[in-house]
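Working notes, beginning with the structure itself.
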There are 6 protein chains.
Amino acid sequence: MDFSIKENILIDKIIEQALLEDIGTGDITTEFIIPSNLKAKGIIKTSEEGVVAGLDIICLVFKKLDPEICFQSKIKDGKNILPGEVLAKIAGSARTILKGERVALNFLQRMSGIATITSKFCQEVKDLPVRIVDTRKTTPGLRILEKYAVRMGGGYNHRFGLYDAVLIKDNHIAAAGGIKSAVNSVRKQISHTVNIEVEVENLSQLQEALEIKVDIIMLDNMNLETVKEAVKMVKGEVLIEASGGITLEKVRKIAQTGVDLISVGALTHSVKSLDISMEII
Amino acid sequence: MDFSIKENILIDKIIEQALLEDIGTGDITTEFIIPSNLKAKGIIKTSEEGVVAGLDIICLVFKKLDPEICFQSKIKDGKNILPGEVLAKIAGSARTILKGERVALNFLQRMSGIATITSKFCQEVKDLPVRIVDTRKTTPGLRILEKYAVRMGGGYNHRFGLYDAVLIKDNHIAAAGGIKSAVNSVRKQISHTVNIEVEVENLSQLQEALEIKVDIIMLDNMNLETVKEAVKMVKGEVLIEASGGITLEKVRKIAQTGVDLISVGALTHSVKSLDISMEII
Amino acid sequence: MDFSIKENILIDKIIEQALLEDIGTGDITTEFIIPSNLKAKGIIKTSEEGVVAGLDIICLVFKKLDPEICFQSKIKDGKNILPGEVLAKIAGSARTILKGERVALNFLQRMSGIATITSKFCQEVKDLPVRIVDTRKTTPGLRILEKYAVRMGGGYNHRFGLYDAVLIKDNHIAAAGGIKSAVNSVRKQISHTVNIEVEVENLSQLQEALEIKVDIIMLDNMNLETVKEAVKMVKGEVLIEASGGITLEKVRKIAQTGVDLISVGALTHSVKSLDISMEII
Amino acid sequence: MDFSIKENILIDKIIEQALLEDIGTGDITTEFIIPSNLKAKGIIKTSEEGVVAGLDIICLVFKKLDPEICFQSKIKDGKNILPGEVLAKIAGSARTILKGERVALNFLQRMSGIATITSKFCQEVKDLPVRIVDTRKTTPGLRILEKYAVRMGGGYNHRFGLYDAVLIKDNHIAAAGGIKSAVNSVRKQISHTVNIEVEVENLSQLQEALEIKVDIIMLDNMNLETVKEAVKMVKGEVLIEASGGITLEKVRKIAQTGVDLISVGALTHSVKSLDISMEII
Amino acid sequence: MDFSIKENILIDKIIEQALLEDIGTGDITTEFIIPSNLKAKGIIKTSEEGVVAGLDIICLVFKKLDPEICFQSKIKDGKNILPGEVLAKIAGSARTILKGERVALNFLQRMSGIATITSKFCQEVKDLPVRIVDTRKTTPGLRILEKYAVRMGGGYNHRFGLYDAVLIKDNHIAAAGGIKSAVNSVRKQISHTVNIEVEVENLSQLQEALEIKVDIIMLDNMNLETVKEAVKMVKGEVLIEASGGITLEKVRKIAQTGVDLISVGALTHSVKSLDISMEII
Amino acid sequence: MDFSIKENILIDKIIEQALLEDIGTGDITTEFIIPSNLKAKGIIKTSEEGVVAGLDIICLVFKKLDPEICFQSKIKDGKNILPGEVLAKIAGSARTILKGERVALNFLQRMSGIATITSKFCQEVKDLPVRIVDTRKTTPGLRILEKYAVRMGGGYNHRFGLYDAVLIKDNHIAAAGGIKSAVNSVRKQISHTVNIEVEVENLSQLQEALEIKVDIIMLDNMNLETVKEAVKMVKGEVLIEASGGITLEKVRKIAQTGVDLISVGALTHSVKSLDISMEII
């Protein structure tokens, strides 16, 4: 069961915008060549191994153009896929299928790329009690879809935006005159449903954060030794998140320190699209 | 001089959407900690070598939040940048600077990533009479910005969408019963300002396209030998575009065959963000 | 310092929509009578005692119509106001002032009404360690402004929507087959920044919720005795929220039981506008 | 038969906005607990006596989320309802029902609250030849729905906005240099389909308005004796509207003076939501 | 003094949409040729005699692209203009002036065309007590501007849409079973600010309409003799509007019958743009 | 087969906007008279000879209001129609049919007017190898529909906007210091899919344009003799477009000079709506 990407007006608007961007005043190639009553069938196929994400989205892309299109997923988002595997079948107006193809694939390839790299990070630490989480380093306008793709790859989401959790960083601390006064200032006003996380750069800041009892502490760009030290100091009293420059090579070592969360910007900011294509059959 | 990204209503809406996505009902960390009258100054700095693109955009991001913010670029889009280089300075309300930071960087890092990889492809072929061009494999919603970034990296744009040029592909050809009838069908109806490009998969299709005198021929996923053969057949009479699986390693060899254009999906579909950050000073 | 209602694109759109609704194709009375170059001055005055909220909003209303209008608040949102008190002064085009008057007052009167009733609830319990919090029973389209008004009245916000906190209710519990399985199902997938609250209807449900260690427990419509019992069982281990049918008469008694939070739908669902008006001087 | 609230694009957008506001990036409680294929049935039930309004709206709320939801009203808008009465039944996806519940009820409770208070005013004067009418003191963004609810309660609508009728107030009169010149200025330019109403504050202004033959005269905040005097002076030649501080206690006395219309801001600006809820069965 | 077309959010959106339509992803001619810092001056000049309307609009068009553009009208909307006359001057960024030129002129030429033809109709009847009024036969999306242009030409507006006045036509009469029952049905429910007009096709329908005392009667496509007869029957008790197939040749004869209003669809549905152009100087 | 006006999000939004403009807060005549369950049938009939365009659009207008309406075209867009001919039948809710009638006809009459005048121009030159093309002198907001109507009348489209083709005019030439430098400046940067057209005012400019080898040359407002001279100079090497002041009387003479394209602003800027109406049967 999962966080739905159907029945969501935000996503409906993202898809509408993407179709407007690509089709604009009309697909002049297709509309001047393909008869309006021609039917066609297509398959969506991967050429690469990975984890799929976005099949529901591409269904919505085609339905937005033509509610009578018939779309059938052969596999669920979040599953591993192998080269040559058919991910979905589509049937209906040939014009619709050709007009929606690129937009649909642009979503699917990017989202599957995110799910795939996320899955690789998760595999590295799968036996350890740690979560791989995303960041706000997402593509402008696509955050809801990219965070969904992270979950499909086995990762977890960090906050969705500036509005749904507190993350106190160096500049906030400086302006407030210290971690304690920053945390107190927030705590006095914030909803009881919102957690407070503080980013610390060294162990003395960590100590200050521990004393003021925040919910989560982010260790910012610390080396492995300092992370280990930090975990010891925290003694499991609050969640610890390691962050900054995490790579596939380093992630296991970081995880082994005992941190609860490892946030990885690269899950969304530097994604290789998965090689997926559509064939008319 | 360049294709402006100011004075463009499309871009204004993209920025508005990105800010809505991140800030939503409010930046609860900043607004509960930073006094509304506190002023701050920041610098935008790169940690990586590359080509910068998007400085005008991030200016618009901050101005959208607060027209009184003061933003000053230290370099122009399209220029090479070195680790440690300051790209821009910003001054004004501390709240505004902190609230806009992530959205601004998400644009700038991605666009600079595109400019940088494009520039690498262009360097490989800089002494050859060939253009590196982009594709429609862009991030949904950001095409206008990503195509701008390609130009900043020294590349050229292919069509912007399905509406502004004709590209006849295999499925169109199959539906029309051959290249000739597809081209004729379009030619009878299309605006005289629009060029017609045909994608061919082999040399006999190429021959058919040459006979019907299209404007551009795309060689789809052909090996080097076939591309050379194709160039000979064409004799400079129409533009030839090589496409499909072009990598940094292969691009020079392809260029040396004498094709006019090489289109590279990876310029936009698999981008590593450039490592750029903001510091409050 | 406070949660800003400036620099927020959501609010800008709410104001735009309200002006469109009232002015539509034009204010035919004003535009056919008042010369376009006539200047005027006005004051915003309250006829009732209460707490003011929304002065920044009405500034934005007038500025949206005419950026050159001059608006000056005489008091800050969240302050007590007395009958006859001048809350703000406005000067500029007479047309603008007359066209924006009703929309501005509709916002200000409603928001001040919310701040005022919230303040009354808070006064009742001001010496007790309890927070008065709002609910999602807000006017469709105005939640961000109504939750701001609650804060101005001394109250606190509960979650902003279905997206930023988990609140497990009876139907969720029934579907999941019990509180434990519902909580576990969420916990496995939810972001670590999100708190989990469970609504319980009796003490045995409370016991189940305590065992699974949720962050907050809502006591739904319990009588005073049961609430007291519940507080004892919880022993301060999680936050307790009392909810359901809370009135000004009952709120102090509920607070004295030792609950941490009392949520009051009437703060926003049944509001008497404060009597505030504009006079041209 | 009635002013339709279906087939209206304005209302469709209001509903969309309300769902976006509450659901945003997703209902994390429901989506992580309730299986996507679980079906449920619910009933909408009132706990309070009153007049119902908004059942068509809540049907649209659920259909917007999921066109396959099945919604059945058991009673028509404008009817009296009794505590415990079932107003509607709903069946379909459990997720949809839970996600739309609060938004649907927020509309229905507010609109029914308006219909109910309107009905109370109308009952007071039901044997007298007078209409209870609303004002522009509505909730920003919801005017079309609130004016519909007034009609459902037996009241009538005044103008919808500044664009569809002329109402000349004190400031217009002052700027024009008197009622006559204000009315003449409008009359020279206004569409023949638009009525002209003038607000008068005393009997000498009334005399001036009678001489210039406007369509409607509003008696602003006059005491009972003056209203009686005014009615005599008017002799049925134009419509008279009493306005300002009308309460349930005073309305009958005012009506007995013989005025044609009594406008009541409190119908919409100070509404107690009717206590209506949804139960999953 | 006039119905303002500034300070109107509807008009702002119409202009934004028009610019998006023409400029889209960018003005590739201008942006690749004209340096971004080049300044230019232009004049707007008419080659044809007529009545000007829309100068405020084109000011907004250029300001929307660039708030720093300097625009100066040399004449007011509604004035007669002669061939060669300069209507406005513009100065600022050359790019902005070239990018906005066509959209600005498309508005100005069409609106001035409407003002000019309206003025011709008005001239024909200028000594008679009759109003030339427009209809709902306007260009989709531009009604507010086209109705403004009619006023600038000396004409008057009929209702703005289906929402602001009642016009009972043959199909309504048929469905209701006669004029009386149709009028009664509306009268029972409609706001007192709204007028009721009935369209009649013959004198017996006219008689029925007179008996039920509507506010305005439209004589639909009657010949001159019948119109005269109708005017006699009405005796000045209600407004009479002649409608259907009114031409410049016929309008004076119709006016001489003594009708109050003559509505002319051709004011807006068949407009010749006035020949106005921009010159860079 | 033709450029589709279905499955286009742009068109969907144009229709939505047009309905909002006319119906606004509701069709008060229809909704207060016509029962919501009354069914009706109507026919769309022309009173004038011409070429029809827009039947698909009006189908979408009615479906937007009510998806269950039944609409059946009796003829295809682009066909000749005769007075009295039935163009379409409609059946369904009487309210829907009456509410959508005017908006539907406003689209259909205008689009058919454009198709009809275009067809007249095309008839004049039907035996000659020349295309009649449109311009950007279209009604703001309706370009996509007006350009479609031109095609339905047998004409061809010029560029859709400033974004999809280069047209270098006098001001661009002046700013660049000559045709050659303007063309070179564009050519260096523009996509290879975009054609370059230059507007020339005399034969020496023509010579310059020929030397730099542009794709299309527009002869701006030249007299017949100069056009003949120009055609000779060009020798078929590039496309020649005649433009400026083309009338039905002059078009054949111009065509006989041998130009390839004749652009006619009057196709869209000065259109007489075709007389088409709806009858309830």
Side-chain angles (χ1 to χ4, degrees), chain C residues 14-15 17-18 21-30 32-35 38 40 94 98-99 102-103 105-107 109-110 113 136-144 160-172 174-176 182 185-186 188-190 194 265 269-273 280, chain D residues 14-15 17-18 21-30 32-35 38 40 94 98-99 102-103 105-107 109-110 113 136-144 160-172 174-176 182 185-186 188-190 194 265 269-273 280:
Chain C
I14 291 171
I15 289 173
Q17 217 46 47
E21 179 185 64
D22 197 34
I23 299 180
T25 50
D27 175 353
I28 50 181
T29 310
T30 298
F32 285 143
I33 295 178
I34 309 291
L38 188 72
L98 292 173
K99 287 162 81 170
R102 187 71 263 143
V103 169
L105 290 176
N106 283 350
F107 279 115
Q109 292 184 256
R110 179 166 185 83
R136 282 166 51 240
K137 297 182 178 179
T138 55
T139 314
L142 299 185
R143 189 169 290 166
I144 185 174
F160 263 68
L162 296 168
Y163 55 87
D164 67 341
V166 169
L167 177 43
I168 300 175
K169 299 195 174 193
D170 50 356
N171 295 313
H172 301 106
S185 175
V186 166
K188 268 207 320 262
Q189 304 176 81
I190 205 70
V194 174
H269 76 48
S270 294
V271 180
K272 208 200 124 302
S273 283
I280 302 293
Chain D
I14 291 170
I15 289 172
Q17 217 45 47
E21 179 185 63
D22 197 34
I23 299 180
T25 50
D27 175 354
I28 50 180
T29 311
T30 299
F32 286 142
I33 295 178
I34 309 290
L38 187 72
L98 291 174
K99 285 161 83 171
R102 187 71 262 143
V103 169
L105 290 175
N106 283 350
F107 278 115
Q109 291 184 255
R110 178 167 185 83
R136 283 168 48 242
K137 296 181 177 176
T138 55
T139 314
L142 298 186
R143 190 170 290 166
I144 186 173
F160 262 67
L162 296 169
Y163 55 86
D164 68 340
V166 169
L167 178 42
I168 299 174
K169 300 197 174 190
D170 49 355
N171 295 313
H172 300 106
S185 173
V186 166
K188 267 205 321 261
Q189 303 176 84
I190 204 73
V194 173
H269 75 47
S270 294
V271 180
K272 208 200 125 302
S273 282
I280 301 294

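Letters A, B, ... mirror the listed sequences (proteins, then strands); counts begin at 1. Heavy-atom basis, side chains included; hydrogens, waters and symmetry copies ignored.
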Steps toward side chain to side chain contact (heavy atoms under 4.5 Å, CB included) verdict (C:I14, C:F107): CA-CA 10 Å; C:I14 291 171; C:F107 279 115; 3.9 Å; yes
D:Q109 versus chain C, the contacting section by heavy-atom distance below 4.5 Å: neither
D:K137: side chain to side chain donor-acceptor pair (under 3.5 Å) partners, not counting sequence neighbours: none
Minimum heavy-atom distance between D:P140 and C:L142, given as atom pair plus value: O-CD2, 3.9 Å
Chain C contact via D:I280 - side chain, backbone, both or neither, heavy atoms under 4.5 Å: both
Which atoms of C:A40 approach chain D - backbone, side chain, both or neither, heavy atom under 4.5 Å: neither
D:L162 and D:R136: CA distance, side-chain angles, deciding distance, side chain to side chain contact (heavy atoms under 4.5 Å, CB included) verdict: CA-CA 9 Å; D:L162 296 169; D:R136 283 168 48 242; 3.4 Å; yes
Part of D:A94 within contact of chain C (heavy atom distance under 4.5 Å): neither
Residues in side chain to side chain donor-acceptor pair (under 3.5 Å) contact with C:R110, at least two apart in sequence or another chain: C:T139, C:E146
Residue selection (most heavy-atom pairs with chain D, distance under 4.5 Å) from C:V103, C:L105, C:L38, C:I168: C:I168
Max heavy-atom pair count under 4.5 Å with chain D, selected residue of C:A175, C:A165, C:A174, C:G265: C:A165
Portion of D:D164 that has a non-hydrogen atom of chain C nearer than 4.5 angstrom: backbone
Chain C interface, residue from D:H269, D:K188, D:R102 that has the most non-hydrogen pairs under 4.5 Å: D:R102
Non-hydrogen atoms of C:H172 and C:A182 that approach each other most closely: O-CB, 4.4 Å
Pick from C:D170, C:T29, C:V194 with the largest number of heavy-atom pairs that fall under 4.5 Å of chain D: C:T29
Note, C:R143 side chain near D:D22 side chain (heavy atom, < 4.5 Å): yes
Contact origin within D:V186 toward chain C - heavy atom pairs under 4.5 Å: both
